[in-house]
Student: 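Before I ask anything, here is the structure I am working with.
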Amino acid sequence: MESELKDLNSKPAKIQQPDTTHDDTSSKDDRPLLKADSSSTAAAAANIHELEKKFAAYVRNDVYGTMGRGELPLKEKIMLGISLVTLLPLRIVFGMSLVVVYYLICRICTMFSAPNQEEEEEGYAHLGGWRRAVIVRSGRFLSRSLLFVVGFYWITETHKDSANTKENSKTEGTHQLEEQERPGAIVSNHVSYLDILYHMSSSFPSFVAKRSVAKIPLVGLISKCLGCVYVQRESKSSDFKGVAGVVTDRVREAHHNGSAPMMLLFPEGTTTNGDYLLSFKTGAFLAGAPVVPVILRYPYQRFSPAWDSITGVRHVVFLLCQFVNHMEVMHLPTYYPSQQEKDDPKLYANNVRRLMATELPLQLTWPLRKYLS
């Protein structure tokens with residue numbers, strides 16, 4: 001997501017220039033994207049339109065503007081002011097209380113237990129018995145409670161009938177055997193950091209996180225209890241290959257071992273505004289195991305919970321100041337890959353992505369749209 005923000009933030013300097021010639025000036029303008037000089041309003045508006053078309057998957061369409069810095073109407077300012085002194089403090093206190101409670105539960109359950117010491121993970125997902133049961137059940141309950149505190153009082157969930165599984169999987173043989181196979185991963189579109197909270201409340205899977213997450217107070221231990229696979233995203237070394245191998249092994253383990261947690265993977269690799277599906281990376285599909293596609297949507301009227309082109313702190317404040325938030329979730333049938341898809345992870349990824357885009361529907365970004373036509 002950082003690269004997209006850099007791209008978006010790098011454009012305003014050009015938008016502010018009324019001259020359309022190729023002038024390599026070094027002047028900078030740190031003002032918000034939506035506030036242009038009056039002398040260049042028309043040119044800026046045209047360039048902003050072009051910019052929004054180029055980065056359509058990241059453009060915000062709520063009352064807060066493209067970059068979350070738009071001029072708010074008086075009614076919205078009043079509602080925001082009321083929320084800042086009422087909802088925001090209460091939600092922060094209750095939310096932090098839930099996090100602390102779950103941290104203490106995880107601390108008790110992991111006492112006298114050594115974490116995995118593999119290179120790319122240091123987690124407690126291998127715990128069994130009552131310890132694992134307490135971690136999972138309390139984690140699911142408290143995750144849903146945290147979503148409730150944030151304003152997601154109702155979550156609409158739809159489970160698609162598995163009658164179409166045979167058609168989607170494109171297999172040629174024994175479907176009864178396939179239906180008994182356990183999926184190894186959950187693949188989901190990525191709209192917000194709230195996606196993780198929902199999946200924790202629904203299935204409590206493991207997921208990929210930055211290595212720095214393991215060192216965050218409270219959250220670090222929780223991520224280890226989830227069995228996260230850590231990646232140093234800032235690194236340009238061959239570390240990525242190691243992470244891909246660990247993820248593939250974990251997917252295969254979940255596929256063959258019913259007690260192992262499934263992996264939650266966001267194949268897009270970053271967040272969007274929820275209306276598009278970016279190209280899928282193949283990490284979730286390298287193992288050739290069945291996957292469960294899940295689609296999340298966040299309907300809104302004022303502020304979009306999508307975390308796309310807005311800073312984290314500003315997004316959290318606006319989200320907590322919204323009286324009610326909405327979430328819709330569609331669980332698709334388990335997708336069983338054909339032998340051809342197992343041999344070609346890219347084909348496997350593209351077919352799952354096309355299925356997800358068709359079901360909601362979502363718009364495909366142009367590279368794969370051309371590939372699938």
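Numbers here simply count residues along the sequence, with the first being 1. Keep in mind that the numbers below use all heavy atoms, side chains included, and drop hydrogens, waters and symmetry copies.
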Student: Would you sort out whether Met96 and Leu218 count as a side-chain contact (heavy atoms from CB on, under 4.5 Å), showing the intermediate values?
Tutor: CA-CA 10 Å; Met96 287 303 300; Leu218 305 180; 4.2 Å; yes
Student: Taking the six-membered ring for Trp, are Tyr276 and Tyr58 closer than 6.0 Å centroid to centroid?
Tutor: no
Student: With a 4.5 Å heavy-atom cut-off, do Val213 and Cys228 have their side chains touching?
Tutor: no
Student: Write down the atom of Pro261, the atom of Ser206, and the distance for their closest heavy-atom approach.
Tutor: CG-OG, 3.6 Å
Student: At what distance, to the nearest 0.5 angstrom, does NZ of Lys77 lie from CG of Leu84?
Tutor: 13.0 Å
Student: Report the distance from atom SG of Cys109 to atom OH of Tyr102, rounding to the nearest 0.5 Å.
Tutor: 8.0 Å
Student: Are Ile222 and Leu104 in one and the same hydrophobic cluster, where Ile, Leu, Val, Met, Phe, Trp and Tyr link if side-chain heavy atoms are under 4.5 Å apart?
Tutor: yes
Student: Are Ile310 and Phe303 close enough that some pair of their side-chain heavy atoms sits under 4.5 Å apart?
Tutor: yes
Student: Tell me whether Asp62 contacts the main-chain N or O of Ser304 through its side chain, where contact means a donor paired with an acceptor under 3.5 Å.
Tutor: yes
Student: Looking only at heavy atoms, which two atoms of Ala214 and Ser223 are closest? And how far apart?
Tutor: CA-OG, 4.2 Å
Student: Please confirm whether the backbone N or O of Trp307 pairs with a side-chain atom of Thr271, one donor and one acceptor, at under 3.5 Å?
Tutor: yes
Student: Judged by atom type as modelled, is there a donor-acceptor pair below 3.5 Å linking the side chain of Arg297 to the main-chain atoms of Glu328?
Tutor: no
Student: Using the six-membered ring wherever Trp is involved, compare the ring planes of Phe285 and Phe280 and label them parallel, tilted or perpendicular (cut-offs 30° and 60°).
Tutor: parallel
Student: Which heavy-atom pair separates Val251 from Ala185 by the least distance, and what is that distance?
Tutor: CG2-CB, 4.2 Å
Student: Between the side chains of Asn189 and Glu268, does any donor sit under 3.5 Å from an acceptor?
Tutor: no
Student: Would you say Phe141 ends up clustered with Val101 if hydrophobic residues are merged whenever their side chains have heavy atoms under 4.5 Å apart, either directly or through other cluster members?
Tutor: yes
Student: So does Val294 get a backbone contact from the side chain of His331, meaning a donor-acceptor N/O pair under 3.5 Å?
Tutor: no
Student: For a 4.5 angstrom cut-off between non-hydrogen side-chain atoms, does Glu341 reach Asn351?
Tutor: yes
Student: What is the minimum heavy-atom distance between Arg252 and Leu286, and which atoms define it?
Tutor: NH2-O, 4.1 Å
Student: Got a donor-acceptor contact below 3.5 angstrom from the Ser83 side chain to the Cys321 backbone?
Tutor: yes
Student: Between CE of Met356 and CG of Leu277, what distance do you get to the nearest 0.5 Å?
Tutor: 5.5 Å
Student: Determine, using the 4.5 Å side-chain heavy-atom cutoff (strictly less than), whether Trp130 and Tyr124 are members of one ILVMFWY cluster.
Tutor: yes
Student: Between Pro183 and Val291, is there a side-chain heavy-atom distance shorter than 4.5 Å?
Tutor: no
Student: Would a distance-only check, ignoring hydrogens and angles, find a side-chain to backbone donor-acceptor pair under 3.5 Å from Arg302 to Val63?
Tutor: no
Student: Whether the Glu157 and Tyr198 side chains hold a donor-acceptor pair (N or O, under 3.5 Å, no angle test) is what I'd like checked.
Tutor: yes
Student: Determine whether the side chains of Ser202 and Arg140 contain a donor N or O and an acceptor N or O closer than 3.5 Å.
Tutor: no
Student: Determine whether a donor-acceptor pair (N or O, by modelled atom type, separation under 3.5 Å) exists between the side chain of Arg107 and the backbone of Leu221.
Tutor: no
Student: I'd like to know whether the aromatic ring centres of His315 and Tyr193 sit less than 6.0 Å apart in this structure.
Tutor: yes
Student: Hey, is the main chain of Val231 close enough, under 3.5 Å, to the side chain of Arg211 for a donor-acceptor pair?
Tutor: no
Student: Kindly say whether Val149 contributes a backbone atom to a donor-acceptor pair with the side chain of Arg91 at under 3.5 angstrom?
Tutor: yes
Student: Verify whether one side chain among Tyr298 and Asn273 offers a donor that lies under 3.5 Å from an acceptor in the other.
Tutor: no
Student: Going by heavy atoms in the side chains, are Val187 and Val292 under 4.5 Å from each other?
Tutor: no
Student: Side-chain heavy atoms nearer than 4.5 Å, only ILVMFWY residues, links allowed to pass through others: does that put Leu197 and Leu142 together?
Tutor: yes
Student: Check for me, please, whether Val150 and Val219 land in the same ILVMFWY cluster - side-chain distances under 4.5 Å, paths through other members count.
Tutor: no
Student: Of all the heavy-atom pairs spanning Gly288 and Pro337, show the shortest one and how long it is.
Tutor: O-CG, 3.4 Å
Student: Can you check side-chain contact (heavy atoms from CB on, under 4.5 Å) on Phe323 and Met79, steps first, answer last?
Tutor: CA-CA 9 Å; Phe323 293 95; Met79 295 177 66; 3.9 Å; yes
Student: Whether the Gln340 and Asp343 side chains hold a donor-acceptor pair (N or O, under 3.5 Å, no angle test) is what I'd like checked.
Tutor: no
Student: Mind checking the OG1-OH spacing from Thr334 to Tyr336? Nearest 0.5 Å is all I need.
Tutor: 4.5 Å
Student: Specify the closest pair of heavy atoms between Pro333 and Pro293, including all atoms of both residues, with the distance to one decimal.
Tutor: O-CD, 3.4 Å
Student: Under 3.5 Å, is there a donor-acceptor pair linking the side chains of Arg353 and Asn350?
Tutor: no
Student: So, does Arg132 use its side chain to make a donor-acceptor pair with the main chain of His126 at under 3.5 Å?
Tutor: no
Student: Can Asp344 and Lys346 be counted as an ion pair, charged N to O under 4.0 angstrom?
Tutor: no
Student: Looking only at side chains, do Tyr64 and Glu76 share a donor and an acceptor under 3.5 Å apart?
Tutor: yes
